[in-house]
Amino acid sequence: MNAYAPILVLGALGAAFAIFSVIMAAIIGPKRYNRAKLEAYECGIEPTPHPAGGGRFPIKYYLTAMLFIVFDIEIVFLYPWAVTFDAMGLFGLVEMLLFVLTVFVAYAYVWRRGGLEWD
């Protein structure tokens with residue numbers, strides 16, 4: 001149990017900070033309500049009607065999602081590789097270089113399609 005005590009203490013501190021922050025924001029935060037802020041979209045902008053079929057989304061939404069997934073998967077595979085780097089030797093290095101090369105191809109595709117440009 002002594003090994004898990006710091007983890008439990010850190011989790012309790014994190015939960016206490018989150019709960020404290022939410023309660024204090026509700027107590028001392030500004031309360032300026034109007035009709036637009038009480039709508040489902042609380043940003044204050046009047047929602048615009050959408051077409052019946054849902055409309056079309058620009059390709060940037062999909063490119064951004066693809067970019068996130070590609071780099072998320074890369075990070076998931078880089079951690080175990082970094083931990084066992086010495087044990088794998090040259091084979092592990094070559095395999096990771098091939099993996100990073102395929103990730104770079106996906107990155108270059110997104111860059112070429114304009115997924116990194118925000119207007």
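For clarity, every value in this text was computed on a predicted model and none was experimentally measured.
At most 12 heavy atoms of other shown residues, nucleotides or ligands fall within 6.0 angstrom of atom CZ in F104.
In this structure, CD on E95 lies 9.5 Å from CE on M88, to the nearest 0.5 angstrom. Note that OH of Y4 and CG of L10 are 15.5 Å apart. Values are rounded to the nearest 0.5 Å. To the nearest 0.5 Å, atoms CG (L8) and CG (L13) are separated by 11.0 Å. Atom CE of M96 and atom CG of L101 lie 12.5 Å apart (nearest 0.5 Å).
Residues I75 and Y79 have side chains in contact (heavy-atom distance under 4.5 Å, counting atoms from C-beta outward). By the 4.5 Å heavy-atom criterion applied to side chains, R113 and Y109 are counted as neighbours.
Between F85 and W81, the ring-plane angle classifies as perpendicular under the 30° and 60° cut-offs.
Residues meeting the side-chain contact (heavy atoms from CB on, under 4.5 Å) test with L90, sequence neighbours left out: L93, V94.
Connection of I19 to V9 is not established within any shared hydrophobic cluster, with ILVMFWY side chains joined at heavy-atom distances below 4.5 Å, either directly or through further cluster members. Taking hydrophobic clusters as Ile, Leu, Val, Met, Phe, Trp and Tyr residues chained together by side-chain heavy-atom distances below 4.5 Å, L97 shares a cluster with F71.
Closest of all the heavy-atom pairs between L67 and Y107 is CD1-CD1, 4.0 Å.
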